[in-house]
Colleague: 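Before I ask anything, here is the structure I am working with.
Throughout, numbering of the chain's residues begins at 1 and tracks the sequence.
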Amino acid sequence: MTASDQPAGGRFVGGTHRFPVRIYFEDTDLSGVVYHANYLRYFERARSDMLMLAGIDQRAAHEAGEGAYAVRAMQLDWRAPARLNDALLIVTTVERVRAAAVDIHQTVMRDAIVLAQARVEVAFVAPSGRPRRQPAAWIAAFAGLFDNDRGA
C-alpha cells in the first residue's frame with residue numbers, strides 16, 4: 001500500500017482538529033437525510049483521529065493493560081440536516097483536561113452552516129472499567145494543543 005492509498009484523515013489548525021466526512025447513501029434514512037445516530041460515528045471518528053494525530057495511542061495503552069477512553073457523557077444538539085453527497089467538516093476542540101477526563105467540543109459543519117454540535121466528556125478507565133488517572137504523556141499532549149491554539 002502506498003501513502004496515497006492510506007485512508008484520508010484530519011489535520012490540526014492550531015489547536016483545532018478538522019476532519020472531513022463525505023455523506024454516502026448508507027448514511028441516510030428513507031427521507032434522504034443523515035440518520036441521527038450516524039452523527040455519533042462521525043464524532044467518534046474525528047475524536048479518534050485527533051487523538052492519534054496528537055500522539056495518544058489508545059490501542060497501545062489498552063494492550064498494555066493501562067486502559068482507554070470511554071464516553072462518560074454527551075450532550076447533542078442537531079440544528080440542520082445533512083444529505084447525500086454533502087461534504088462535511090467535523091471541528092473538534094479540547095476544552096478542559098483533568099486527571100482522569102477530557103472535555104471536548106465538536107461541531108459538524110457544511111460550509112459555514114452548523115448542522116450539529118456535541119459536548120463530550122471522555123473518562124480514562126482501567127480495564128476493570130473504573131476511572132483512573134490518564135497517562136502523564138497524554139496530558140502533556142493535550143497541553144501542546146492548547147499551546148498551539150494560543151499561538152495560531
Colleague: Does Val97 share a hydrophobic cluster with Val125, counting links as ILVMFWY side-chain heavy atoms below 4.5 Å and allowing steps through other members?
Modeller: no

Colleague: Locate the shortest heavy-atom distance separating Trp78 from Ala116; write the atom from each residue and the value.
Modeller: CD1-CB, 3.9 Å

Colleague: Look at atom CZ of Arg83 and say whether more than 12 heavy atoms of other residues, nucleotides or ligands are closer to it than 6.0 Å.
Modeller: yes

Colleague: Hey, could you give me the CG/CD1 distance between Leu84 and Ile23, rounded to the nearest 0.5 Å?
Modeller: 8.5 Å

Colleague: Enumerate the residue pairs fulfilling ring-ring contact (aromatic ring centres under 6.0 Å, His included) with a member in residues 91-123, sequence neighbours excluded, ordered by first and then second residue.
Modeller: none

Colleague: For residues Pro20 and Gly9, report the shortest heavy-atom separation together with the two atoms involved.
Modeller: CD-O, 3.8 Å

Colleague: When the ring planes of Tyr69 and Trp138 are compared, do they come out parallel, tilted or perpendicular, using 30° and 60° as the limits?
Modeller: tilted

Colleague: Are side-chain heavy atoms of Val34 and Tyr39 found at a separation under 4.5 Å?
Modeller: yes

Colleague: Do you know the tightest heavy-atom contact between Leu53 and Gly10?
Modeller: CD1-O, 3.3 Å

Colleague: Test Gln106 against every option in His17, Glu44, Arg47, Arg119 by the side chain to side chain donor-acceptor pair (under 3.5 Å) rule and name the one that passes.
Modeller: Arg47

Colleague: Are Leu89 and Val120 connected, step by step, through hydrophobic side chains (Ile, Leu, Val, Met, Phe, Trp, Tyr) whose heavy atoms are closer than 4.5 Å?
Modeller: no

Colleague: Just so I know, are the side chains of Thr107 and Ile90 near enough to count as touching, which here means a heavy-atom distance under 4.5 Å?
Modeller: no

Colleague: For Arg98, enumerate each residue passing the side chain to side chain contact (heavy atoms under 4.5 Å, CB included) test, keeping only those at least two apart in sequence or located in another chain.
Modeller: Arg96, Ala101, Asp103, Glu121

Colleague: Check for me, please, whether Leu115 and Leu76 land in the same ILVMFWY cluster - side-chain distances under 4.5 Å, paths through other members count.
Modeller: yes

Colleague: Is there a continuous path of hydrophobic side-chain contacts, each under 4.5 Å between heavy atoms, that joins Met74 to Val102?
Modeller: yes

Colleague: Backbone N or O of Ser31 within a donor-acceptor pair of the Asp29 side chain at under 3.5 Å?
Modeller: yes

Colleague: Ala99 and Ile139: which non-hydrogen atoms are nearest, and at how many Å?
Modeller: O-CD1, 4.3 Å

Colleague: Crowded around Arg72 CZ? As in, over 12 foreign heavy atoms under 6.0 Å?
Modeller: no

Colleague: Mark yes or no for whether Asp86, through its side chain, and Leu88, through its backbone, hold a donor-acceptor pair below 3.5 Å.
Modeller: no

Colleague: Quick check: closest heavy atoms across Phe43 and Ala118, and the distance to 0.1 Å?
Modeller: CE1-CB, 3.6 Å

Colleague: Just do the side-chain contact (heavy atoms from CB on, under 4.5 Å) check on Arg11 and Phe19 with the steps written out, would you?
Modeller: CA-CA 7 Å; Arg11 65 186 176 99; Phe19 187 81; over 6 Å; no

Colleague: Determine whether Phe142 and Leu51 make a side-chain contact, defined as any pair of heavy atoms from C-beta on separated by less than 4.5 Å.
Modeller: yes

Colleague: Could you report the tightest heavy-atom contact between Phe124 and Arg133, atom names first, then the distance?
Modeller: CD2-O, 3.4 Å

Colleague: How long is the gap from CD on Glu66 to CD on Gln58, to the nearest 0.5 Å?
Modeller: 11.5 Å

Colleague: Taking the side chain as every heavy atom from C-beta outward, state whether Ile104 and Glu95 have any atom pair closer than 4.5 Å.
Modeller: no

Colleague: Taking atom types as modelled, is there a side-chain donor on Asp27 or Tyr42 under 3.5 Å from an acceptor on the other?
Modeller: yes

Colleague: With clusters defined by side-chain heavy atoms of hydrophobic residues (ILVMFWY) lying less than 4.5 Å apart, directly or transitively, does Ile113 cluster with Val108?
Modeller: yes

Colleague: Tell me if a side-chain donor or acceptor on Ser48 pairs with a main-chain N or O of Arg45 at a distance below 3.5 Å.
Modeller: no

